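Note sheet for the following structure.
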Amino acid sequence: MTRILRRSFGRRLESLPAMVDFAAAALAGYEIDSAQRMAIDFAIEELFTNMLKYSGSGVSPVEIAFECGDETVQVSLTDTDVEPFDVTAAPDADVTLPLQQRQPGGLGLHLTRRLVDDLSYEYLAASRESRIRFRVACRRRT
Amino acid sequence: MLTMDSGPDGSVLISGRLDAAQAATAQAFLDHRAGRVEGDCTRLEYISSAGLGVLLKTQKRLMASGGGLRLRGVSRHVRDIFVYSGFDQIIEIAAE
């Protein structure tokens, strides 16, 4: 059985602690280790801050939904009234550059792709909605 | 929640979550350190790309003046972030 939990968050960095609490509540019934929890929190933060950075025209809150199944958790972030920005098409960062050539930024999506099991993007033109989904395998406690 | 503090051995104790909301706080603390800086990450639970940006900026500044940043007590899941980002090649991370 799949349980769905949804909550909307204001478009500001100060929303991050509330997102962490929301994720903790959604995942309370799962056998989840620190690496899986890290992956989920990391992906949510990076995708959310990406929306703040690249969907500057948006004013609506960002909705986060957890679809909690028996073997997987799927998380979606939905941003309304924005232009499309396909996070799956963003290039990887060059993580082999020496220190002197490194610049802050560009690592969020690169790392997110490596931490989650799946990452997908869709844009609903009629409602101008960007929706990003990712999935992490984790087992519900019996 | 993030806490930055000075340890009894002069190290920087980094505790909690180094995320985008806390990056400015961490940067302000580290900007006051010079030379060889040891970061104790034993209680660092989480780091995001914004936190990596803080460490990168600090490492660049320290190394430009002959110093450098060394991290110890890094948990396995935080270490994964350093490895996937290549930060294990540009910042010294103590083996546990």
Side-chain angles (χ1 to χ4, degrees), chain A residues 9-21 23-24 27 32-54 62 87 90 92-116 119 136 138, chain B residues 1-3 16-27 30-31 41-71 73-93 96:
Chain A
F9 297 89
R11 309 175 67 85
R12 53 188 179 275
L13 291 179
E14 290 74 15
S15 295
L16 288 173
M19 291 179 185
V20 174
D21 291 344
L27 299 167
I32 190 164
D33 64 24
S34 55
Q36 290 169 310
R37 183 60 207 268
M38 175 90 185
I40 292 169
D41 286 355
F42 190 97
I44 289 174
E45 175 180 337
E46 300 298 341
L47 297 172
F48 176 72
T49 55
N50 208 69
M51 286 172 166
L52 299 189
K53 197 180 299 181
Y54 297 109
V62 173
V87 295
D92 270 344
D94 184 352
V95 299
T96 66
L97 288 175
L99 178 69
Q100 295 77 12
Q101 294 178 32
R102 294 273 192 138
Q103 297 296 329
L107 284 170
L109 295 177
H110 174 95
L111 292 169
T112 297
R113 281 194 282 264
R114 280 149 184 81
L115 292 173
V116 302
L119 182 67
V136 172
C138 49
Chain B
M1 184 65 187
L2 176 77
T3 304
R17 301 177 65 87
L18 182 40
D19 62 16
Q22 300 294 328
T25 300
Q27 192 69 70
L30 290 169
D31 282 350
C41 299
T42 307
R43 295 186 177 178
L44 177 63
E45 300 166 4
Y46 171 87
I47 189 167
S48 69
S49 69
L52 293 177
V54 170
L55 299 181
L56 175 63
K57 186 178 174 187
T58 301
Q59 178 70 325
K60 280 188 159 188
R61 178 181 61 80
L62 293 173
M63 291 200 74
S65 56
L69 180 63
R70 180 178 187 269
L71 302 176
V74 178
S75 67
R76 182 177 62 84
H77 61 278
V78 172
R79 187 179 295 267
D80 286 345
I81 297 294
F82 288 138
V83 172
Y84 294 153
S85 60
F87 269 48
D88 59 330
Q89 302 300 310
I90 59 175
I91 294 175
E92 183 182 351
I93 300 172
E96 298 303 317

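Order of the sequence lines fixes the chain letters, A, B, ..., with proteins taken first and strands second; residue numbering starts at 1 for each chain. If you're wondering where the values come from, they're calculated on a predicted model, not measured in any experiment.
Between B/His77 and A/Ala35 the shortest heavy-atom distance is CB-CA, 3.8 Å. Taking each heavy atom of A/Thr49 and B/Ala20 in turn, the nearest pair found is CG2-CB, 4.1 Å. Closest non-hydrogen pair, A/Phe42 versus B/Tyr46, comes out as CA-OH, 3.3 Å. Residues A/Glu46 and B/Ala50 share a closest heavy-atom pair of OE2-N, 4.5 Å. Across all non-hydrogen atoms, the minimal contact from A/Pro104 to B/Gly53 is CB-CA, 4.3 Å.
For A/Gln36, no part lies under 4.5 angstrom from a heavy atom of chain B. Looking at A/Leu97, only its backbone comes within 4.5 Å of chain B, counting heavy atoms on both sides. If you measure heavy-atom distances from B/Lys60 to chain A, the contacts under 4.5 Å come from both the backbone and the side chain. Residue contact with chain A, scored on non-hydrogen atoms closer than 4.5 Å, is absent for B/Met1. For B/Gln89, no part lies under 4.5 angstrom from a heavy atom of chain A. Residue contact with chain A, scored on non-hydrogen atoms closer than 4.5 Å, involves the backbone of B/Glu45 exclusively.
In this structure, B/Arg17 and A/Asp41 have side chains that are in contact, with non-hydrogen atoms separated by less than 4.5 Å. Side-chain atoms of A/His110 and B/Ser85, non-hydrogen and from C-beta on, never get closer than 4.5 Å to each other. Considering only heavy atoms from C-beta on, A/Leu99 stays 4.5 Å or farther from B/Ile91 through its side chain. The closest side-chain heavy-atom distance from A/Leu107 to B/Phe87 is below 4.5 Å.
Separation of atoms CD1 (B/Ile81) and CE (A/Met38) is listed at 4.0 Å; rounding is to 0.5 Å. Rounding to the nearest 0.5 angstrom, the gap separating the CZ atom in A/Arg102 from the CG atom in B/Leu56 is 7.0 Å.
Chain B forms the most heavy-atom pairs under 4.5 Å with one residue out of A/Val20, A/Thr112, A/Thr96, and that residue is A/Val20. Between chain A and the options B/Gly86, B/Ser75, B/Ser48, B/Ala21, heavy-atom pairs under 4.5 Å are most frequent for B/Ser48. Of the listed residues (B/Val54, B/Asp80, B/Ile47), the one with the most heavy-atom contacts under 4.5 Å to chain A is B/Ile47.
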